[in-house]
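Owing to the predicted nature of the structure, the values given are computational and were not obtained by experimental measurement.
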Amino acid sequence: MPPTTIHSAPALDSFTALADHQSQTPTSFYGAKPVLHYHGVGVRVLVAQDHLSKLPIFTIPEGVQTGVNVEPPTEDIPGPAPRVAESVDAFVTSENLTLFNTTLSTGVSVPYPAISLHAIQRLADPANSSTEVQGLYMQLELSDPYGVTDEDEPEIVELTLIPTTSGQAGIKELFEAVSNCSNLHPDPIYEDEEMEDGDGDSRIVFEGSVGYEGISGLPGVQRGAADGGLPPPFPGSGGWITAENVSEYFDVEGNWIAEDEGEEVESLGEGAGRVRNREELEGDGLNGHSEHDDETKRPRTD
């Protein structure tokens, strides 16, 4: 889901503070308030000049060109494209990331799957180029994943958030908040186009008799039946035994019926399939017993 535009800032009482959430057991896991992991007022957001129009939280200065028709910098101007800084209020919650520009009364609500990358970045302070600061670098995907194809170029905006709290503590708090909340929203899994076309079941089963066409690159396997029926039989099994045809393979007593009565069956020897009685089991030479057992056994000692 791409970011959405909002026109009113979130109210702080609509969230549960992270400290309160961690110190008590919630009364219900349904309908609870989102957890506020980070709130920063006056957070500076840096964006490339040619990306100003892609998010409504930025003010476009007069005479500045934005969009895809911006001419690239000439060779006389080395380095990356110029960037513009804007002051916003940042809300990192368990539901989404919200950046709100109070001057414009406009903000964006960013779902975490739209954040394809985030990392800590060292850069020169926009207010003082001689000073180095740390910010949270992010790549946002603005395209709707359900409305693009593999041939479409992804629409990506690069942002850098510089927290108001300077030093390692400020960037660490912001980074951990975004990381922890992103883990709550893993990337969605989209179905393959082949499955969406309804060409068949994607389950893989063993390929049966000759005449079935296996999956390319996977010898011996094929797709299941599209009508939901049984997959083909295993090789050499002769078919599947079901409630309708069980009488063809077993009699009423559960004995196996040979499919071809003229087929010779290998003899298993005398006594095969017969239950022997106790006298036979205790006889000479059965179950490891013999008449010489008493002579070879060691006498029992107490």
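Under the 4.5 Å side-chain criterion, counting only non-hydrogen atoms from C-beta, Leu46 is in contact with Ile162. Residues Ser166 and Val133 have side chains not in contact (no heavy-atom distance under 4.5 Å, counting atoms from C-beta outward). Contact check for Val43 versus Ser87: no side-chain heavy atoms found under the 4.5 Å cut-off. The shortest distance between side-chain heavy atoms of Leu104 and Ile57 does not fall below 4.5 Å. Counting only heavy atoms from C-beta outward, the side chains of Thr103 and Thr59 never approach each other to under 4.5 Å. Using a 4.5 Å heavy-atom threshold, the side chains of Phe58 and Asn101 count as separate.
Taken from CD1 in Ile156 to CE in Met138, the straight-line distance is 13.5 Å, to the nearest 0.5 Å. In this structure, Lys33 NZ and Thr93 OG1 are separated by 13.5 Å, a value rounded to the nearest 0.5 Å. If you take CD1 on Ile171 and CZ on Arg122, they are separated by 10.0 Å, rounding to the nearest 0.5 Å. If you take CD on Gln168 and CZ on Phe175, they are separated by 11.0 Å, rounding to the nearest 0.5 Å. Note: Lys172 NZ to Leu136 CG = 15.0 Å, rounded to the nearest 0.5 Å. Expressed to the nearest 0.5 Å, how far CD of Gln22 lies from OG1 of Thr16 amounts to 12.0 Å.
Residues Pro56 and Gly107 come closest through the heavy atom pair CG-O, 4.4 Å. Closest approach of Arg44 and Pro126 over heavy atoms only: NH1-CD, 3.8 Å. Here the closest non-hydrogen pair linking Pro186 and Pro113 is O-CG, 4.3 Å. The nearest pair of heavy atoms linking Pro10 to Thr98 is CG-CG2, 3.9 Å.
The closest donor-acceptor contact from the side chain of Asn180 to the backbone of Glu176 lies under 3.5 Å. Using a distance-only test at 3.5 Å, with no hydrogens or angles considered, no donor-acceptor pair links the side chain of Asp125 to the main chain of Ser129. With hydrogens and angles disregarded, no donor-acceptor distance shorter than 3.5 Å links the side chain of Ser182 to the backbone of Tyr112. A donor-acceptor pair under 3.5 Å is formed between the side chain of Ser116 and the backbone N or O of Gln139. Checked by atom type and distance alone, the side chain of Asn96 never pairs as donor or acceptor with a backbone atom of Pro111 at under 3.5 Å. Distance alone, capped at 3.5 Å, places no donor-acceptor pair between the Lys54 side chain and the Leu142 backbone. Remark: side-chain polar atoms of Glu141 are not paired, donor with acceptor, to backbone N or O of Pro2 under 3.5 angstrom.
The aromatic rings of Phe91 and Phe15 lie tilted to each other, with the angle between the two planes from 30° to 60°.
The only member of Val178, Leu99, Leu36 that meets side chain to side chain contact (heavy atoms under 4.5 Å, CB included) when paired with Val92 is Val178.
Taking the six-membered ring for Trp, Tyr137 and His118 have ring centres at least 6.0 Å apart.
Summarising the local packing, NE2 of His39 is surrounded by more than 12 heavy atoms from other residues, nucleotides or ligands at distances under 6.0 Å.
Clustering ILVMFWY residues whenever any of their side-chain heavy atoms sit less than 4.5 angstrom apart, transitively, puts Ile60 in the very cluster that holds Val108. In terms of hydrophobic clustering, with Ile, Leu, Val, Met, Phe, Trp and Tyr side chains grouped at heavy-atom distances under 4.5 Å, Ile6 and Leu97 are assigned to different clusters. One hydrophobic cluster, built from ILVMFWY side chains closer than 4.5 Å, cannot hold both Leu161 and Phe100; they sit in different ones.
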task: Show your reasoning for whether side chain to side chain contact (heavy atoms under 4.5 Å, CB included) applies to Leu55 and Val47.
output: CA-CA 10 Å; Leu55 292 176; Val47 66; 5.9 Å; no
- request: List the steps, then state whether side chain to side chain contact (heavy atoms under 4.5 Å, CB included) holds for Thr164 with Val41.
  value: CA-CA 7 Å; Thr164 54; Val41 178; 5.9 Å; no
field: Pair Thr160-Arg83, side chain to side chain contact (heavy atoms under 4.5 Å, CB included): steps then yes or no
entry: CA-CA 10 Å; Thr160 301; Arg83 294 194 290 181; 3.5 Å; yes
